[in-house]
Structure formats: structure tokens, C-alpha cells
Amino acid sequence: MPASPPTQPRLVPSVAGAATALVLLTALNFVNYIDRYILPGVQEQVKREFHVSDAALGSLTFWFFLTYMCAAPLTGWLGDRLPRKPLIVGCALLISLINLLTGMVHAFDSLLLRHAVLGIGEASFGIYAPALLADFYPEADRNRILTIFYTAIPVGAALGYLIGEIVGARFGWRMPFYVSAVPGFLIAALIFFLMREPRRGASDQPQLRVPHSSQSHREGWGNRAANSDGANMTSSKPRATKAHVLSLATNAPYLYATLGMAMVTFSLGGISAWMPSFLQRSGFSPNTDGLTLGGITAGTGLLGTAFGGWLAQRWLRTNHGALYLVSAWSALLTVPFGVLCFFGPRATMLPALGVAMFCIFLGTGPLNAAIVNAVPASVRATAIAMELFLIHALGDTPSPRLIGMVSDHSTLATGLGLTLVTMLIATVLLFLGARTTNPLEAG
């Protein structure tokens with residue numbers, strides 16, 4: 001079959017209510033990352049109160065992500081079959097309620113249980129929100145929209161560190177979790193009353209464009225689109241079939257992006273969990289390291305995420321693998337600055353950390369957009385669920401505990417060195433992924 005000419009696809013307008021959904025879902029994502037990053041800001045207090053090892057501290061994050069990834073397949077299945085709006089409201093309420101209940105925790109095992117339950121709510125939201133935004137916006141806009149959505153990571157993480165340090169130092173490590181619970185209830189109410197539920201696949205092209213690497217994709221997904229005109233696409237709801245779900249296992253662009261994301265997640269999860277402790281043990285004041293780390297994370301994260309999304313959007317005009325290439329270079333450039341931060345002199349730690357964090361966040365938006373664009377609307381929530389399962393099973397579920405174990409037997413710097421190995425693996429996977437994309441996928 002001859003290749004189609006490299007013309008831009010017909011534009012599909014955003015669905016009504018898209019801007020409201022983007023603002024509310026980004027706000028909720030922001031609050032979720034505040035919740036997640038409060039723990040690193042207070043974990044030295046937790047360690048002193050419960051008299052636990054670094055490996056035990058790492059197990060808090062381990063149990064959070066264990067339930068996170070185990071919940072993902074079921075919540076993904078639900079997301080492809082039920083309205084996403086009430087599910088998202090339920091996630092917000094569950095997360096906020098768990099944060100309120102943290103004040104009742106007075107045993108380390110109870111804290112483990114608290115983190116495990118929290119993982120269910122955050123996993124569910126992490127699946128439903130990107131899938132719903134993909135139905136609001138056409139493929140050409142998704143890199144830009146998901147870049148905005150994921151700016152919540154550095155900003156939320158920075159504020160989580162700050163709340164943990166400032167509020168925790170004055171009122172104890174439990175109080176920061178109370179503070180983070182309040183906005184979650186408010187945003188849940190706003191989503192319930194103001195946000196619309198888009199039709200599944202509402203912003204997809206009538207003719208579905210799929211990776212050339214799998215003929216089964218073309219036959220399974222392409223035939224459905226070929227038998228539908230624009231009117232039918234507007235009135236019918238795409239349905240997931242067993243063949244569609246199974247075909248994810250042979251979707252090369254999806255798999256390369258997901259496995260690359262898993263390796264980046266291993267690194268980012270490990271660095272996020274242990275960097276406050278690393279700075280304190282390197283001689284930085286525990287009264288200022290949260291402020292310092294929060295400032296670095298927010299500043300470099302925002303700049304990196306925004307610049308990476310902008311660069312990928314421009315590069316897509318000439319290179320259909322740009323979403324993968326930006327992410328691959330992002331991972332590769334992180335390594336030398338990570339080496340300087342973990343193993344260099346104390347004077348270089350913070351500058352090197354800032355550059356390394358900037359490089360990591362360059363690929364955040366493009367890589368998430370690549371994953372969303374690699375699959376059809378009918379199985380998008382399931383695909384995101386499987387992605388979340390894999391990136392946490394291989395990424396930030398084991399990394400904090402593994403780093404803690406290495407730290408107990410050597411040094412924390414050596415443990416953090418594991419994150420540089422996985423960034424190199426991510427580089428290889430993402431460069432390979434760029435070679436599997438179809439030229440027609442450039443939006």
C-alpha cells in the first residue's frame with residue numbers, strides 16, 4: 001500500500017468544555033503531587049518517631065506504588081466502560097479523606113496501610129484524567145495539553161516539599177497532610193458541578209492512523225474507522241474488544257514509550273524520595289533543604305516541562321518521532337549532571353541537581369503524549385492503566401526501597417547511582433521507539 005503524502009491531517013476542533021476540564025484536572029493533579037511529595041519532606045521526622053531503617057522508609061513508597069500498580073488494570077477496565085467524571089470525583093474524595101485520617105496514625109504499620117490505600121485513589125485519577133483530556137482535544141493538541149497537565153508534577157512536588165518542611169517543622173509531620181486534604185474536597189465539588197463528560201473518541205480523526213509495525217492494528221482499528229463517516233463517529237461510541245486490548249502487546253510505539261517511561265520513573269521516583277535525606281546527610285540544613293529543593297524542583301520542572309513540550313511541538317513539523325527523540329535526549333543529558341550531583345564535591349551538588357532535574361522534565365509532556373497517541377480511544381484508559389502498572393512495577397515501586405537497601409550497606413550516594421543506570425536504559429529504548437513511529441502520526 002503506497003504511503004500517503006505528508007500533508008497535515010484535517011483539523012478536529014476541541015470539544016466544548018475542554019478548557020474547564022483542563023483547568024480543573026490540572027488543579028487536581030497539582031494537589032495529588034503535593035500529597036505525594038509531603039512524605040519526602042517529613043520522612044526524617046517519621047524515621048525518628050518510629051525508629052526505622054532507610055529500607056523501611058523506602059517501603060512506604062513501595063507499598064504506595066504496589067497498590068497503585070495493582071489497582072491500575074481494574075480501574076483502566078472501568079474507565080473504558082463507565083463515565084469518567086464521577087470516577088474522578090470519587091478519586092478526589094478518597095485521596096482527601098485518606099489525608100485527613102493520617103492524624104490517627106501512631107504505628108508504622110498503620111502508616112504503611114495509609115500509603116497503600118492512597119495509591120488506589122491516585123492510580124485511578126492518573127488513568128482517567130489523561131484519557132478524558134484526550135477526548136476533549138484532537139491529537140495535534142495533545143502534546144501541548146498534556147504538557148500543561150503534567151506541569152503539576154514539578155509545582156506540586158515543590159509545594160509538597162515546602163509544606164512538609166515548614167508546616168511539619170512547626171506542627172509535626174501529620175499536619176501537612178491535613179493541609180493538603182482541604183483543596184481536594186473543593187476541587188472535587190467543582191468538577192462535579194462544572195465539568196462535562198465528553199463522548200469517548202470525540203476528538204479523534206475519522207480515519208484512525210496507527211503504527212505501521214503491526215498489521216493487526218491496521219486491520220482491527222482501521223476497518224472500524226474506514227466503515228464510519230464523520231456523522232457516525234459523532235453519534236457512535238467506540239467499543240473496546242478483546243482483540244484491541246491484546247494488540248497492545250504488539251504495539252511497538254506504545255511498548256517502547258511505556259518501557260522508556262518506566263526507566264525514567266525509576267530514576268525520578270528514587271531521586272524524589274531520597275534527595276531531601278541526601279542533602280541533609282551531605283551537610284545542608286534540615287531547616288532549609290525543603291525550601292531549596294522545592295525551589296529547584298518548581299523552577300527547573302516548569303521550565304523543563306514547558307520547553308520540552310514546545311520543542312517537541314516544533315520538531316513534529318519535520319520529524320514524526322519527535323515525541324520520542326525529545327524524551328530520549330532528555331534521559332541521556334540527565335546522566336552526567338546526576339553523576340556530578342551524587343559523586344561530585346558539595347559545591348556542585350545543587351547546580352548539578354538543577355540541571356539534571358531540568359533535563360528529566362524535558363520529556364514529561366512529549367512522552368505522555370506519545371503513549372496516548374499510540375492507542376485508539378476504545379482502549380485508551382486500558383492502555384494508560386497498563387502503562388501505569390508497568391512504569392510503577394518496574395519504576396518507582398522498587399526504586400526507593402532498593403536505594404534504601406544499597407544505602408544501608410554502603411552510602412546513599414551509591415544507592416542514588418542506580419537511577420543513572422536506568423536513565424541510560426531509557427535512552428536506548430526511546431531512541432528505538434522513535435524508529436517505529438508512522439510518519440502519519442505527526443500531528
Side-chain angles (χ1 to χ4, degrees), residues 32-68 98-99 101-119 122 153 156-181 266-294 296-297 342 349 353 396-408 411-413 415-416 418-419:
N32 283 347
Y33 276 92
I34 291 175
D35 298 340
R36 190 178 301 183
Y37 283 86
I38 283 175
L39 176 62
V42 300
Q43 67 183 5
E44 290 299 301
Q45 294 184 52
V46 172
K47 180 175 182 177
R48 287 193 298 269
E49 177 170 332
F50 295 109
H51 307 289
V52 294
S53 66
D54 283 351
L57 272 182
S59 68
L60 290 172
T61 305
F62 171 81
W63 282 104
F64 170 85
F65 283 118
L66 182 64
T67 56
Y68 192 111
I98 291 299
N99 283 330
L101 294 177
T102 304
M104 300 180 183
V105 172
H106 293 282
F108 190 75
D109 287 345
S110 299
L111 196 60
L112 289 174
L113 178 61
R114 178 259 178 202
H115 272 65
V117 176
L118 186 67
E122 291 208 17
I153 297 177
L159 195 54
Y161 286 137
L162 289 175
I163 292 174
E165 177 186 287
I166 297 172
V167 179
R170 184 167 184 178
F171 300 102
W173 65 265
R174 293 174 177 81
M175 183 58 68
F177 293 100
Y178 293 145
V179 172
S180 69
F266 182 102
S267 300
L268 187 57
I271 293 170
S272 300
W274 285 109
M275 189 51 62
S277 295
F278 177 73
L279 292 179
Q280 290 182 32
R281 297 177 194 183
S282 299
F284 291 89
S285 170
N287 297 322
T288 60
D289 74 298
L291 179 63
T292 302
L293 190 56
I296 291 174
T297 303
F342 302 148
M349 284 182 182
L353 175 64
D396 46 12
T397 299
S399 66
R401 184 170 176 82
L402 287 174
I403 292 170
M405 292 171 66
V406 173
S407 174
D408 286 336
T411 66
L412 185 52
L416 285 167
L418 295 176
T419 65

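Distance alone, capped at 3.5 Å, places no donor-acceptor pair between the Thr419 side chain and the Ser267 backbone. Remark: side-chain polar atoms of Gln43 are paired, donor with acceptor, to backbone N or O of Ala273 under 3.5 angstrom. Looking only at distances, no side-chain donor or acceptor of Thr297 sits under 3.5 Å from a matching main-chain atom of Ala158. Of the possible polar contacts, one joining the Arg174 side chain to the Val105 backbone as a donor-acceptor pair under 3.5 Å is found.
Leu101 pairs by the side-chain contact (heavy atoms from CB on, under 4.5 Å) definition with Leu97, Met104, not counting sequence neighbours. Listed by chain and residue number, Tyr37 satisfy the side-chain hydrogen bond (donor to acceptor under 3.5 Å, both in side chains) test with Ser272 (two or more places apart in sequence, or in another chain). Partners of Asp396 by side-chain hydrogen bond (donor to acceptor under 3.5 Å, both in side chains), not counting sequence neighbours, listed by chain and number: His392. Partners of Tyr178 according to the ring pair (Phe, Tyr, Trp, His ring centres under 6.0 Å) rule, which considers only residues two or more places apart in sequence or in another chain, do not exist here. With sequence neighbours excluded, no residue forms a side-chain hydrogen bond (donor to acceptor under 3.5 Å, both in side chains) with Trp274. For Ser407, the side-chain hydrogen bond (donor to acceptor under 3.5 Å, both in side chains) partners at least two apart in sequence or on another chain are Asp54.
Considering only heavy atoms from C-beta on, Met275 stays 4.5 Å or farther from Met349 through its side chain. Thr411 has its side chain out of reach of Phe342: every pair of non-hydrogen atoms, C-beta onward, lies at least 4.5 Å apart. Ile163 has its side chain out of reach of Met175: every pair of non-hydrogen atoms, C-beta onward, lies at least 4.5 Å apart. Side chains of Asp35 and Glu122 form a contact here, defined as non-hydrogen atoms less than 4.5 Å apart. Side chains of Leu111 and Trp63 form no contact here, defined as non-hydrogen atoms less than 4.5 Å apart. Within the 4.5 Å cutoff, the side chain of Ile403 has no heavy atoms near those of the Phe278 side chain.
Remark: Leu57 CG to Phe108 CZ distance equals 5.5 Å, nearest 0.5 Å. How far CD of Glu165 is from OG1 of Thr292: 7.5 Å, rounded to the nearest 0.5 Å. Note that CG of Asn99 and CZ of Arg114 are 5.0 Å apart. Values are rounded to the nearest 0.5 Å. The CG atom of Leu353 sits 5.0 Å away from the CD1 atom of Ile296 when rounded to the nearest 0.5 Å. Between the CG atom of Leu118 and the OG1 atom of Thr102 there is a distance of 8.0 Å, given to the nearest 0.5 Å.
The heavy-atom pair separating Thr67 from Gly119 by the smallest distance is OG1-CA, 3.7 Å. Shown here for Ile38 and Pro176, the closest heavy-atom pair between the two residues is CD1-O, 3.4 Å. Taking all atoms of both residues into account, the shortest heavy-atom contact from Leu416 to Ile271 is CD2-CA, 4.2 Å. Across Pro400 and Gly269, no two heavy atoms sit closer than the pair CG-O, 4.2 Å.
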- request: May I have the step-by-step check of side chain to side chain contact (heavy atoms under 4.5 Å, CB included) for Leu112 and Ser59, ending in yes or no?
  value: CA-CA 8 Å; Leu112 289 174; Ser59 68; 3.7 Å; yes
- request: Show the numbers, then the answer: is there a side chain to side chain contact (heavy atoms under 4.5 Å, CB included) between Leu39 and Phe64?
  value: CA-CA 11 Å; Leu39 176 62; Phe64 170 85; over 6 Å; no
